[in-house]
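All remarks here apply to the structure that follows.
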Amino acid sequence: KAGVTQTPRYLIKTRGQQVTLSCSPISGHRSVSWYQQTPGQGLQFLFEYFSETQRNKGNFPGRFSGRQFSNSRSEMNVSTLELGDSALYLCASSLSFPETQYFGPGTRLLVL
Amino acid sequence: SQQGEEDPQALSIQEGENATMNCSYKTSINNLQWYRQNSGRGLVHLILIRSNEREKHSGRLRVTLDTSKKSSSLLITASRAADTASYFCATEWEYGNKLVFGAGTILRVKS
């Protein structure tokens, strides 16, 4: 089976812009979750989608949003980017959240 | 604040030695998972231990869970250079469908 894929792998944006990241889960996985990883805050849970519905949400501002499509692919959007949004954004898929998560390689976002 | 805290923050050992990492958490959990991350890439799931289990093995990995002390340990036996990575514990809270990661232990295995 193909693993979790994320696009793009690297991204450079400027403050105030918005960005959309994409995640394709493992075939058959209907749960997709997103995480932000920074040196200061570590790995933090953003949200989880299942069957096109957001089921769980972490403590992030409303600038962070996501959606899931009928084929389970998911996108994450960050609006009005801030310098502190620079991070590695990881997507994971699973059969049953939050048990065994299969992670993608991540998208490294740099906000200038 | 993060649920899980790993100890030590960093560990450097020789190839062939055993490596032990510890994780402490604050609230009741359903299960605890360990993940490995190589050089800022995606995480790889290593093992899941449920709250009613005390010990679990997978290859060279041994995980223990002590719910009375709210702690877990990951033992990697006969370490290899390829084990060099960051190791994270992640807990599923008992009263919230959420996965919370610790700060991680950086393991360096010297050949």
Side-chain angles (χ1 to χ4, degrees), chain A residues 1-10 21 23-26 29 31-51 53-60 86-110, chain B residues 1-10 21 23-53 56 58 61 63 65 74 85-106:
Chain A
K1 269 187 182 177
V4 177
T5 58
Q6 291 187 245
T7 56
R9 293 292 310 278
Y10 303 92
L21 312 181
C23 172
S24 293
I26 290 172
H29 287 188
S31 170
V32 174
S33 52
W34 289 89
Y35 302 83
Q36 181 197 63
Q37 186 176 28
T38 59
Q41 298 298 315
L43 268 159
Q44 293 187 285
F45 170 73
L46 280 155
F47 30 64
E48 183 249 350
Y49 284 86
F50 183 89
S51 292
T53 301
Q54 186 182 93
R55 289 196 304 186
N56 299 284
K57 192 177 188 303
N59 298 324
F60 277 81
S86 294
L88 179 65
Y89 289 89
L90 293 161
C91 159
S93 73
S94 67
L95 289 171
S96 175
F97 180 85
E99 298 198 355
T100 306
Q101 303 284 295
Y102 295 86
F103 282 82
T107 293
R108 191 165 294 279
L109 171 65
L110 177 61
Chain B
S1 64
Q2 290 173 329
Q3 162 79 321
E5 297 296 333
E6 275 99 336
D7 168 56
Q9 289 186 327
M21 288 158 266
C23 169
S24 60
Y25 55 92
K26 296 174 185 172
T27 62
S28 296
I29 61 171
N30 287 328
N31 65 59
L32 185 145
Q33 303 175 50
W34 285 91
Y35 287 84
R36 183 188 75 225
Q37 184 178 38
N38 292 85
S39 302
R41 296 162 69 179
L43 280 73
V44 174
H45 181 263
L46 296 176
I47 200 163
L48 180 153
I49 186 165
R50 301 192 184 279
S51 59
N52 61 353
E53 297 175 309
K56 209 160 179 181
S58 176
L61 306 179
V63 168
L65 179 64
L74 170 67
S86 293
Y87 291 81
F88 296 90
C89 68
T91 49
E92 177 193 347
W93 289 8
E94 187 177 14
Y95 298 109
N97 212 11
K98 200 172 173 181
L99 193 63
V100 181
F101 285 84
T105 292
I106 300 171

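Proteins get letters first, then strands, A, B, ... in listed order; numbering begins at 1 in each. What you see is a predicted model; the values in this text were computed from it and never measured.
Put simply, the side chain of Glu5(B) never gets that close to the backbone of Ala103(B): no donor and acceptor are under 3.5 Å apart.
For the pair Glu99(A) and Arg50(B), the salt-bridge criterion is met [side-chain N within less than 4.0 Å of a carboxylate O].
A donor-acceptor pair shorter than 3.5 Å cannot be found between the side chains of Ser86(B) and Gln37(B).
For chain B, the nearby part of Gln37(A) is the side chain; its heavy atoms alone come within less than 4.5 Å. With a threshold of 4.5 angstrom between heavy atoms, Leu48(B) approaches chain A through side-chain atoms but not through N, CA, C or O. Of the two parts of Tyr35(A), only the side chain, counted from C-beta on, holds a non-hydrogen atom closer than 4.5 Å to a non-hydrogen atom of chain B.
Of the listed residues (Tyr49(A), Phe45(A), Trp34(A), Phe50(A)), just one forms a ring-ring contact (aromatic ring centres under 6.0 Å, His included) with Phe97(A), and that residue is Phe45(A).
Chain B forms the most heavy-atom pairs under 4.5 Å with one residue out of Val4(A), Leu88(A), Asn59(A), Thr100(A), and that residue is Thr100(A).
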